[in-house]
Amino acid sequence: MNRPQQITVLGATGSIGLSTLDVIARHPERYQVFALSGFSRLNELFALCVRHTPRFAVVPEAVVARRLQDDLRAAGLQTRVLVGEEGLCQVAADPEVDAVMAAIVGAAGLRPTLAAVEAGKKILLANKEALVMSGALFMQAVRKSGSVLLPIDSEHNAIFQCMPGDFARGLGAVGVRRILLTASGGPFRQTPLSELAHVSPEQACAHPNWSMGRKISVDSASMMNKGLELIEACWLFDAKPAQVEVVIHPQSVIHSLVDYVDGSVLAQLGNPDMRTPIANALAWPERIDSGVAPLDLFSIARLDFQAPDEQRFPCLRLARQAAEAGNSAPAMLNAANEVAVSAFLDRRIRYPEIASIIEEVLNLEPVVALDDLDAVFSADAKARTLTEQWLSRHGR
Ligand code: NAD
Ligand code: MG
């Protein structure tokens with residue numbers, strides 16, 4: 001075996017970051033941690049540095065960086081602490097890095113992820129918001145640098161595994177009719193509609209099958225997550241929105257399916273544990289142990305499917321409309337959603353208002369072309385401002 005691959009984990013203190021480090025630690029002969037980043041919970045970042053001895057750690061501010069640097073030195077570590085977005089881009093693009101796990105949540109992950117793409121790294125993409133915001137530019141950068149882009153989102157990783165190796169030739173050319181994107185339906189799949197105005201952030205974050213960060217947990221409850229994933233699938237697999245169908249599958253055992261013209265439907269199954277897609281992408285095209293228990297079909301016993309109800313999940317409709325409109329629409333949808341979800345988590349708005357605010361904001365602005373990254377960030381900023389204005393207009 002060659003030297004261990006050097007891995008940068010952006011968003012190391014989060015749910016995906018920790019699962020990634022768990023898989024990496026099982027294979028010290030294959031992988032070494034090059035850099036770790038964290039935005040909050042910096043005691044945890046310190047502990048991760050002690051455990052994984054990275055060359056670099058990245059934190060948001062200089063004051064925090066000095067404290068962490070002192071603590072690391074006192075613990076006898078050589079880890080150098082870098083600061084802010086510049087530090088994130090540096091550890092994403094460093095010539096010694098082989099692969100970058102992009103696991104920062106939200107728009108904040110876009111620049112560092114793109115820095116890794118432009119440097120031609122192998123990209124393990126969890127940060128779907130980055131691709132949703134800037135799909136066309138992102139994919140163009142991937143093609144230009146020759147970066148290998150591997151999906152971590154369990155659904156997209158499943159689709160990737162069910163696609164033929166040459167799917168980049170186009171779905172029609174490889175005989176794919178549709179992509180079937182599965183969704184659990186989240187914690188409110190069966191909650192009476194009249195009760196949704198009273199659900200709490202804690203209830204929204206209590207996902208029945210997956211343990212995840214708070215933002216994606218709320219997105220899963222509203223199914224905005226599935227909407228973002230629909231857009232993500234269109235970019236990753238060069239599909240039209242109409243070729244991606246959402247299927248509610250409450251057990252989260254089938255992680256998605258690919259429907260071929262000959263009537264074959266291929267699915268990937270597994271326990272709902274993100275270490276499976278992470279290990280799959282880390283080792284691709286090989287396979288390694290992820291620590292995930294084998295699937296026990298007898299204890300699962302049955303698999304159910306149902307069509308999503310758009311009245312219950314208006315965010316899914318909004319995302320599909322944004323996918324169809326393209327251009328600035330997905331970036332605006334994503335930004336309005338980030339602000340609305342954070343207001344819901346802070347108890348400033350009620351759960352059903354997440355969708356209604358996003359819809360109002362999207363209706364205020366015409367869809368424009370996004371020719372460069374500045375245009376992406378200005379669409380993002382515009383939607384954030386409009387959403388904040390809605391909140392202050394309504395006294396929230
Ligand atoms: P999380 O909230 O648990 O972790 C987010 C990470 O990003 C943390 O390390 C945090 O410190 C960092 N971060 C937050 N804001 C930041 C900022 N402004 N600048 C720099 N770093 C920042 O989230 P998560 O559940 O691990 O999700 C991470 C990404 O992976 C999201 O894009 C999510 O959609 C995607 N994803 C997660 C799961 C899952 O099971 N958790 C599944 C599929 C996709
Ligand atoms: Mg997913």
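Whatever order the structure lists ligands and atoms in, that order sets their numbers, starting from 1.
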Ser154, any N or O under 3.5 Å of ligand 1 N or O:
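No - when backbone and side-chain N and O of Ser154 are compared with those of ligand 1, no distance drops under 3.5 Å.
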Is the closest N or O pair between Gly17 and ligand 1 shorter than 3.5 Å?
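Checking ligand 1 against Gly17, no N or O pair falls under 3.5 Å apart.
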Working to the nearest 0.5 Å, report the span between CD of Glu229 and CG of Leu131.
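The distance works out to 11.5 Å.
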What is the nearest protein non-hydrogen atom to [atom], stated with its residue, atom name and distance?
atom                    : value
atom 3 (O) of ligand 1  : Ser15 N, 2.9 Å
atom 13 (N) of ligand 1 : Phe39 CB, 3.5 Å
atom 43 (C) of ligand 1 : Asp153 OD1, 3.1 Å
atom 6 (C) of ligand 1  : Ala103 O, 3.6 Å
atom 5 (C) of ligand 1  : Val105 CG1, 3.7 Å

Using a strict cut-off of 4.0 Å, indicate which atoms of ligand 1 neighbour a heavy atom of [X].
X      : result
Gly213 : 1 (P), 2 (O), 3 (O), 23 (O), 25 (O)
Ala126 : 30 (O), 32 (O), 35 (C), 36 (N), 44 (C)
Asn127 : 32 (O)
Ser40  : 11 (O)
Met274 : 40 (O), 42 (C), 43 (C)
Ile16  : 26 (O), 30 (O), 37 (C), 38 (C), 39 (C), 40 (O), 41 (N), 42 (C)
Gly14  : 1 (P), 3 (O), 4 (O), 8 (C), 9 (O), 26 (O)
Lys128 : 32 (O), 34 (O), 44 (C)

Please report the closest heavy-atom contact between [X] and [Y], naming both atoms and the distance.
X      : Y      : value
Leu72  : Cys49  : CD2-CB, 3.6 Å
Ile152 : Ala281 : CD1-CB, 3.5 Å
Met163 : Tyr260 : CA-OH, 3.6 Å

Determine the interplanar angle of the [X] and [Y] rings, folded into 0 to 90°, and report it as parallel if under 30°, tilted if 30 to 60°, perpendicular if over 60°.
X      : Y      : answer
Trp210 : His255 : tilted
Tyr351 : Phe344 : perpendicular
His27  : Tyr31  : perpendicular

Please tell me whether [X] and [Y] have a donor and an acceptor in their side chains that are separated by less than 3.5 angstrom.
X      : Y      : result
Asn337 : Asp219 : yes
Glu359 : Asn363 : no
Glu232 : His156 : yes
Gln251 : Asn209 : no

Options Ile278, Thr13, Ile104, ranked by nearest heavy atom to atom 29 (C) of ligand 1, top entry:
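Among Ile278, Thr13, Ile104, the closest heavy atom to atom 29 (C) of ligand 1 comes from Ile104.
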Looking only at N, O or S atoms in [X], which is nearest to the Mg ion (ligand 2)?
X      : value
Glu155 : OE1
Asp153 : OD1
Glu229 : OE2

Contact partition for [X] relative to ligand 1, non-hydrogen atoms under 4.0 Å:
X      : answer
Ala12  : backbone
Glu129 : side chain
Ala108 : side chain
Met212 : both
Ile216 : side chain

Basic-acidic side-chain contact under 4.0 Å: Asp70, Arg67:
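Judged by the 4.0 Å cut-off on N to carboxylate O distance, Asp70 and Arg67 do not form a salt bridge.
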Measuring only between side-chain heavy atoms, which start at C-beta, is Phe138 closer than 4.5 Å to Leu114?
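Side-chain contact under 4.5 Å: yes.
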Among Arg3, Arg30, Lys122, find the one that has a salt bridge (Lys or Arg N to Asp or Glu O under 4.0 Å) with Asp98.
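Looking at Arg3, Arg30, Lys122, the match for Asp98 under the salt bridge (Lys or Arg N to Asp or Glu O under 4.0 Å) is Arg3.
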